Structures are given as C-alpha cells and as structure tokens.
2 protein chains.
Amino acid sequence: MTNPGIEAKIPYSRAAYWQLRSWILDNEMPAGYQATEQEVASVLGMSRTPTREAMLRLENEGLIELRSRHGMRVLPISTDDMREIYEILTGLEASAAASVAEKGANETEIAELESSVADMDQALDNDDLDSWMAADARFHHLLVNFSGNKRLASVVDIFLTQAARARKLTVKLRPKPTKSNIAHAAVVDAIKNRDSDNAWQVHMQHRKESGEMLIGLLQDLGFPHL
Amino acid sequence: MTNPGIEAKIPYSRAAYWQLRSWILDNEMPAGYQATEQEVASVLGMSRTPTREAMLRLENEGLIELRSRHGMRVLPISTDDMREIYEILTGLEASAAASVAEKGANETEIAELESSVADMDQALDNDDLDSWMAADARFHHLLVNFSGNKRLASVVDIFLTQAARARKLTVKLRPKPTKSNIAHAAVVDAIKNRDSDNAWQVHMQHRKESGEMLIGLLQDLGFPHL
DNA sequence: TTACGCAATAACGTATTCATTGTTGCATTA
DNA sequence: TAATGCAACAATGAATACGTTATTGCGTAA
C-alpha cells in the first residue's frame with residue numbers, strides 16, 4: 001500500500017547478515033557465543049542456506065569463526081587483536097588523510113569535517129561520551145570517504161567494525177579524549193593547507209596514541225580478551 | 001592406499017574457490033568473462049551450492065562481481081582501481097616495514113630478506129623478469145609476515161592478488177626495475193639498524209614510485225582497464 | 001523501421017533432502 | 001576410578017527441488 005511500486009525487497013541472506021551483525025555488535029551475541037547453523041537459522045526464521053551465506057560473510061569480515069560440526073562462534077577480541085587492528089587503521093587512515101590533503105577538499109567537505117570536530121568539542125564539554133563517540137566515528141568516516149578511495153573506505157570500515165565492541169567497552173573508562181579533538185582539528189587544518197605530509201604525520205601520531213591508550217586500558221583492566 | 005589415514009579431503013567449495021581463483025589469475029578466465037552459476041558449476045563438475053559459496057568468497061575478495069540473473073563476471077582492473085590498490089598497499093606495507101624495524105628481526109628473517117633481494121639482483125643481471133617478479137613477490141610477502149600482524153598480511157595479500165593480473169601484463173614492458181632492488185636493500189638495512197622511521201620512509205617512497213610507474217604504463221599503453 | 005507488450009524461458013534465491021562424518025554418552029575393562 | 005571402544009546421534013557439505021522474477025525474443029502496431 002505505502003510505497004507503491006518501490007518495494008525494495010531485501011534478500012533473506014542479506015537480512016540475515018545485517019541482523020546477525022547487529023546482534024554481535026550490540027553484544028546480544030557476545031564474544032564466545034556459539035550456535036549451530038540450524039539454531040541460527042531457526043532464530044532468524046529461515047532455512048540454513050541464506051543463514052550460511054550470511055555467516056560466511058561475517059567470517060570473512062572477522063566477526064565470527066566457523067568450525068565444522070560446531071557452528072559459528074562470535075570471536076573474542078584480545079589485546080593482541082586490537083594491536084593488529086590499530087596498526088592497520090593507523091596506516092590506512094594516515095594514507096587517507098594525506099590523500100585528502102594532497103588532492104584538496106571542497107568547501108562542503110571541509111565544512112562537514114569541521115562540523116564533526118565541533119560536535120566532538122561540544123560533546124566533550126557536556127561530558128556526553130556517547131555523542132562524542134558518534135561524532136568521532138563520523139569524522140573518521142568522512143575522512144576515509146573524502147579520500148575517494150572506495151576500497152580503502154571499505155577496508156577501514158571492516159576493521160573499525162572489528163574493533164567496535166572493544167571500543168564500546170572502554171570509552172567510558174578512558175580519560176577525557178581532549179587530545180583526540182585537538183588532533184582532529186589539526187588534521188583538518190593540514191587538509192585546508194594542502195599539507196599532506198603534515199596530515200599524515202598528525203593523524204598517524206593520533207591513531208598510534210589512541211591505540212596504545214586503548215590497549216593499555218584493556219590490559220590494566222584485565223580484559224585478556226573480549 | 002597411498003597415504004593411509006592421512007586423507008586430506010578438500011571440500012568441494014574450497015576446491016572450487018582455488019580453481020576459479022587460479023583460472024582468473026592465469027587469465028584463463030579473463031577480465032570481463034561472464035558465466036551463470038550453473039555454467040560454472042558444470043565446468044567445475046559439481047552442483048551450484050559449493051560453486052556459489054566459492055563465488056561469494058571471490059566477490060568479497062574483489063576478483064569477481066555477482067549480478068543477479070547474470071552470474072559472475074571477472075572484474076576488469078582500471079587504472080583508477082590500480083591507484084586505489086596501490087594507495088592501500090603503500091600504507092600497509094610501509095606500516096609493516098616500520099613495525100618489523102621497530103621490533104627487530106632475527107638472523108633467520110634478515111637472511112631470508114637478504115636472500116630474496118639477492119635473487120632479485122641476480123634475476124635482473126640475467127634479464128629474467130619472471131624470476132625477478134617471483135623474488136620481488138617473496139620479499140613483499142616476507143616483509144608483511146615478519147610484522148607478525150596476521151590481519152595485515154592477509155589484507156595485503158588480498159590487494160596484491162587484485163593487482164596481480166595488471167602487474168603480470170606490465171612487467172615485461174616496464175623499464176628495468178633497478179630502483180626497486182635498491183629500495184628493498186635499503187629497507188633491509190633500515191630493519192637491521194632498527195630504524196623504523198627510515199624503513200617506513202624508504203618503503204613508502206618505493207611503493208609510491210612503482211605504483212605511479214605502473215599506472216603511467218597502463219595509461220600510456222592505453223589499457224583503460226583490464 | 002522502430003517501439004512496445006506479452007509470453008516463454010532461464011537464472012537465481014531459498015528450501016528441502018540426503019549421505020557422510022565427527023562427537024557424545026554410556027558401558028565395559030583394566 | 002580412569003581409559004577405551006562402540007553405538008547412536010547430530011551437524012555439516014552437497015545435491016536437488018521449487019517458486020519467483022528478470023530477461024529475451026517475437027509478434028504486432030504505430
């Protein structure tokens with residue numbers, strides 16, 4: 001009735017993928033959660049075929065593990081895993097920052113970046129860590145997208161997703177991320193000045209530090225994994 | 001009879017994946033090749049189910065595209081694609097080089113790196129570009145593996161694979177890659193000196209240059225894609 | 001001749017079926 | 001009690017079956 005003709009029918013396999021993904025990221029399927037294909041299929045209300053397809057994709061993206069005869073298992077994230085992930089993100093996002101600075105960003109793009117930095121500042125003033133996390137995510141997202149490199153954006157997204165659960169756990173425990181805001185503002189400045197070396201340098205330093213901070217936190221708090 | 005008990009039975013889906021992958025990389029299924037699921041399954045001598053699984057994986061890895069009702073299509077690689085891929089490889093491999101230099105490599109590892117550089121030198125003396133390409137690949141492979149970052153190694157591998165066909169096409173046409181050998185040797189030196197900044201710098205510069213050279217070649221030779 | 005519409009077809013997405021094989025639990029034995 | 005062997009079971013990997021729907025080809029009309 002509504003939307004006559006624009007029936008965007010989503011295939012079951014895709015629906016299964018998004019549903020499982022969101023359950024995992026929301027910790028409704030926490031790290032270590034295990035279930036057979038049939039169990040998952042039943043929960044999703046479909047057959048094993050599209051379920052399997054979704055699980056294969058999630059395995060490729062590093063969120064779950066498939067062990068024959070044991071079904072899927074939601075992967076825990078150890079501090080070593082986080083180290084790997086942050087090393088990758090550091091390299092890739094720094095590339096993106098340099099690339100954006102080199103080719104230059106238009107006014108709209110600059111405005112969007114600045115607006116996300118402003119949101120981060122405001123969130124910090126309000127001690128609103130949820131908003132801060134959202135604005136921070138937006139900044140990183142914009143940055144890699146403005147690089148114009150679709151593959152890069154997609155890889156970064158995959159690893160951000162892998163790290164998402166751990167970040168969610170620690171954001172409340174970390175010191176006020178004042179430095180992050182400053183670093184982001186500096187990256188925007190470098191982009192405005194078309195100074196790609198500086199953009200690279202600043203962003204890399206920022207990612208390195210925040211990665212080390214996060215890993216330190218996880219270790220101190222005794223999260224060997226998850 | 002032979003190998004009693006150690007029957008390493010490969011699942012059809014995995015066999016299909018490797019078979020298709022090798023056909024694509026060897027250009028037996030050239031860019032643009034198109035076939036339905038049923039056709040591919042018939043060629044592989046199995047049903048659509050494991051075939052489909054293999055195709056999904058190849059799609060995730062960026063080698064083919066799946067279009068409903070049209071089957072799979074081997075993706076062409078345009079110069080823009082190569083630009084994206086090389087930008088990613090530059091960032092990631094430079095990270096790896098820095099990481100290896102920072103944590104240090106043991107004698108065996110150094111020896112392996114040096115041996116691959118030596119092979120590259122020898123291949124160059126003999127004008128044997130196939131051997132050169134193999135030794136070059138080995139160097140890059142060793143480098144990312146010695147970083148100890150499994151995720152990084154695996155992502156690099158995926159993008160190297162995407163670029164493989166284009167590189168194969170151009171290696172015979174490019175100028176003698178003397179600079180590559182020098183750069184690789186310099187990276188090894190930086191690793192030996194535990195100079196991570198230098199390793200980063202040299203490797204990044206090398207990747208940037210060879211990427212630009214390759215893209216220039218593709219453009220000059222009028223390969224808009226493939 | 002070109003555009004349009006309809007019917008036949010073919011391909012996919014999903015469900016179901018089936019054989020194979022690893023796992024689990026229990027009974028037996030040292 | 002702990003270890004071993006066997007039988008029942010359960011989960012997967014693969015094949016097949018089936019309904020839906022986009023595409024293609026042909027005939028008709030402008």
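Here is the naming used below: chain letters follow the sequence lines, and residue numbers restart at 1 for every chain. Because the structure is a prediction, the values reported are computed rather than measured.
- Under 3.5 Å, the side chains of Glu112(A) and Thr108(A) contain no donor-acceptor pair of N or O atoms.
- Residue Gln162(B) forms a side-chain contact (heavy atoms from CB on, under 4.5 Å) with just one option from Ile85(B), Leu89(B), Asp157(B), and that option is Ile85(B).
- In this structure, His70(B) places its NE2 atom 7 Å from C1' of dT23(D), rounding to the nearest Å.
- If you check every strand for non-hydrogen atoms under 4.0 Å, Glu37(A) touches sugar and phosphate atoms only.
- Lys9(B) has its NZ atom 9 Å from the P atom of dT20(C), to the nearest Å.
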Check nucleotides 15-17 of chain C against the protein and report each pair of N or O atoms closer than 3.5 Å, with its distance, or say if there are none.
{"unit_1": "dA15(C)", "atom_1": "OP2", "unit_2": "Ser47(A)", "atom_2": "N", "d": "2.8"}
{"unit_1": "dA15(C)", "atom_1": "OP2", "unit_2": "Ser47(A)", "atom_2": "OG", "d": "2.3"}
{"unit_1": "dA15(C)", "atom_1": "O5'", "unit_2": "Ser47(A)", "atom_2": "OG", "d": "3.3"}
{"unit_1": "dA15(C)", "atom_1": "N7", "unit_2": "Thr49(A)", "atom_2": "OG1", "d": "3.0"}

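- No side-chain N or O of Asp119(A) forms a donor-acceptor pair with one of Ser116(A) less than 3.5 Å apart.
- Mapped onto DNA chain C by nearest heavy atom, Met72(B) and Arg69(A) fall at different nucleotides, with Met72(B) at the one closer to the 5' end.
- Heavy-atom distances to DNA chain C give each of Thr36(B) and Glu53(A) a nearest nucleotide, and the one nearer the 5′ end belongs to Thr36(B).
- No side-chain heavy atom of Met82(B) sits less than 4.5 Å from a side-chain heavy atom of Glu87(B).
- Looking at the side chain of Ser68(A), the nearest of the listed nucleotides dA14(D), dT12(D), dT23(D) is dT12(D).
- Distance, Ile10(A) CD1 to dC12(C) P: 19 Å, rounded to whole Å.
- Straight-line distance from the CD atom of Gln34(B) to the P atom of dA11(C): 11 Å, rounded to whole Å.
- No donor-acceptor pair under 3.5 Å is formed between the side chain of Asn60(B) and the backbone N or O of Arg57(B).
- The CD atom of Gln38(A) sits 12 Å away from the P atom of dA10(D) (whole-angstrom rounding).
- For the residue pair Arg21(A)/Thr161(A), the side-chain donor-acceptor check at 3.5 Å is satisfied.
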